[in-house]
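First the structure, then my questions, so here it is.
Remember, it's 1-based here, ligands and their atoms both numbered in the order they're listed. All values derive from a computational prediction rather than experimental measurement. In what follows, residues are counted from 1 in the order of the sequence shown.
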Amino acid sequence: MQFGDEGKGKITDYLAEKSDFVFRYGGGNNAGHTVVVEGKTYKLHLLPSGVVRGKRSLLGAGVVIDPQVLLDEISALGKKPNLGIDPRAHIIMPYHKYLDANSEAKKGENQIGTTGRGIGPCYADKAERTGIRFEDLLDNERLEEKLRQVLPIKEKILKHVYGVEFPHSLGEIVQEYSAYGEKLREFEADASLEIAQALKAKKSILLEGAQGTFLDINFGTYPFVTSSIPIAPGAGAGIGFPAAKTEKVVGVAKAYTTRVGAGPFATELLDGLGDRLRTAGNEFGTTTGRPRRVGWLDMVLLRTAARLNGVTEIALTKLDVLSGVESLEVCVAYDCNGKKTGEFPAKMSDAEKCVPIYKTLNGFSITGSEKKFSALDRHAQEYVKFVEKELGVPVSIVSTGPKRSQTIMKK
Ligand code: IMP
């Protein structure tokens, strides 16, 4: 519901247990999900969290795949995943990573702070209709033909715009990427058809998002966004299933706010308290290791996220990280040029100027061993109820630590 890194890995793993299928609908290995199961930590970037539990897990057409990363993740898993990859999914090619790094470097002060994984250039090629898809890795003649068209253009851009010599030949790329295709061939699956069949068979399906609402290419803090559609309605388009079939939308929100990379962040804490929360919450990127920017909970973001995603319930994570802070500020509205607003502005020129209006709530203390909502410190309960009241959406899950046992079902 915010800028990603809300702790989706843990929540999706939790929900995956009761699901027959887990689908990922967008993004690529810019995401990072940490899942702790039976004392073992899994750091996943591409694989849906469901694979850890052996669930049928699918990467939909809207996902972008770095095949080397996917193969590494499969081997780190230590067992063969029950995985399906839609042949329509686009492939992150070596020149995408070069373009990402070099275009960021050229932007200087205006850098987006991308993860450097080639995500933006890959989605750009998809939109330009010059992308390489998973199906192309399965047919080396097709791959070679496509690369003959696209590679000379990428080489020219790298050389003449960025002054960089692209070091890989067409032959090398065809050989390397066809080899990835051979290893991944067994996972080819029409995810959109599989979801239709699963719906018909009344199976339980979990659609797992990545990134966050305000990194959405349409509704995020553009241009400080990713290139996919992380919001829940993006699931239908990214997998190919009728959005109207969605029964529940669980919005994962952190009890405070964090952001990696550049872009507006109204409630950012630039003082010692920010450092304290960063350390307490281990707020360092799973993907890049970068320290995350940290700030107070922002109800303006959450209100807008609740609306855009159509959330029916909320999983509030990392409540324990706020434990011991004497009093807590929560942003309830923005003052944008003297005008009070409860919704995130549509115009970035307005958003950049907004100042948060805070309400102070009592601090609380959490041990992480509370098993029921009613066992939580009274002020912690009040904090959660405040979020519910402000959003008009129930909080169904409260997370008080990284372990599965530190998950309180509130309903
Ligand atoms: P890109 O997706 O690598 O192009 O990065 C664009 C922006 O999205 C940067 O600010 C990244 O830090 C941010 N971003 C992308 N994926 C994630 C994520 O999974 N969690 C948090 N931030 C992300």
Nearest candidate to atom 11 (C) of ligand 1, where distance is taken over non-hydrogen atoms, out of Pro223, Gly113, Gly4: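 Looking at heavy atoms only, Gly113 sits closest to atom 11 (C) of ligand 1.
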Nearest non-hydrogen protein atom, atom 2 (O) of ligand 1: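 Going atom by atom, the protein heavy atom closest to atom 2 (O) of ligand 1 ends up being Thr226 OG1, 2.6 Å.
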Polar side chain donor-acceptor pair, Thr367 to Glu370, under 3.5 angstrom: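 The answer is yes; a qualifying pair exists.
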Contact check, side chains of Thr317 and Thr400, non-hydrogen atoms, under 4.5 Å: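 No - every pair of side-chain heavy atoms lies 4.5 Å or more apart.
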Atom 21 (C) of ligand 1 - nearest protein heavy atom and its distance: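 Heavy-atom neighbour on the protein nearest atom 21 (C) of ligand 1: Asp5 OD2, 3.1 Å.
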Protein residue, atom and distance nearest to atom 3 (O) of ligand 1, heavy-atom basis: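 Ranking protein heavy atoms by distance from atom 3 (O) of ligand 1, first comes Thr115 OG1, 2.6 Å.
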Ligand-side contact atoms (ligand 1) for residue partner Gly261, heavy atom cut-off under 4.0 Å: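 Ligand 1 atoms under the 4.0 Å threshold to Gly261: 10 (O).
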Top protein contact for atom 6 (C) of ligand 1, by heavy-atom distance: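 Going by distance alone, atom 6 (C) of ligand 1 is nearest to Val225 O, 3.3 Å.
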Ring-ring centroid check Phe386 Tyr383, cutoff 6.0 Å: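 Not close enough - the centres of the two rings lie 6.0 Å or further apart.
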Donor-acceptor pair, side chain of Gln2 and main chain of Lys254, under 3.5 angstrom: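 Yes; at least one donor-acceptor contact below 3.5 Å.
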For ligand 1, the portion of Arg290 having any non-hydrogen atom under 4.0 Å away: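 The side chain, only.
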Working for side chain to side chain donor-acceptor pair (under 3.5 Å), residues Glu176 and His168: CA-CA 10 Å; Glu176 184 182 343; His168 307 288; 5.6 Å; no
Subset of ligand 1 atoms that lie under 4.0 Å from at least one heavy atom of Val260: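 Close to Val260: 10 (O), 12 (O), 21 (C), 22 (N).
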Any side-chain heavy-atom pair of Thr288 and Arg117 under 4.5 Å: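 In short, these two side chains touch, coming nearer than 4.5 Å.
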Option of least heavy-atom distance to atom 14 (N) of ligand 1 (set: Leu215, Ile112, Asn30):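 Residue with the shortest heavy-atom distance to the ligand atom: Leu215.
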Min side-chain heavy-atom separation Trp296-Thr257 under 4.5 Å: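 When only atoms from C-beta onward are counted, Thr257 and Trp296 do not touch, as no gap falls below 4.5 Å.
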Proximity to ligand 1 by part of Asp100, non-hydrogen separation under 4.0 Å: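 It is neither; nothing of Asp100 touches ligand 1.
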Contacting atoms of ligand 1, where contact means under 4.0 angstrom from a heavy atom of Ala31: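 Atoms satisfying the 4.0 Å criterion: 19 (O).
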Residue portion contacting ligand 1 (non-hydrogen atoms closer than 4.0 Å) for Thr114: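 Both backbone and side chain of Thr114 come within 4.0 Å of ligand 1.
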Atom CD of Gln175 with >12 non-hydrogen neighbours under 6.0 angstrom: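 It does not: Gln175 CD has 12 such atoms or fewer within range.
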Within reach of ligand 1, part of Phe3 (heavy-atom separation under 4.0 Å):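 Only the backbone of Phe3 comes within reach of ligand 1.
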NZ/Lys107: more than 12 non-hydrogen atoms of other groups inside 6.0 Å: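 Counting neighbours around NZ of Lys107, more than 12 heavy atoms of other residues, nucleotides or ligands fall under 6.0 Å, so yes.
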Distance-only N or O hit between ligand 1 and Arg117, under 3.5 Å: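 No; every N/O pair is 3.5 Å or more apart.
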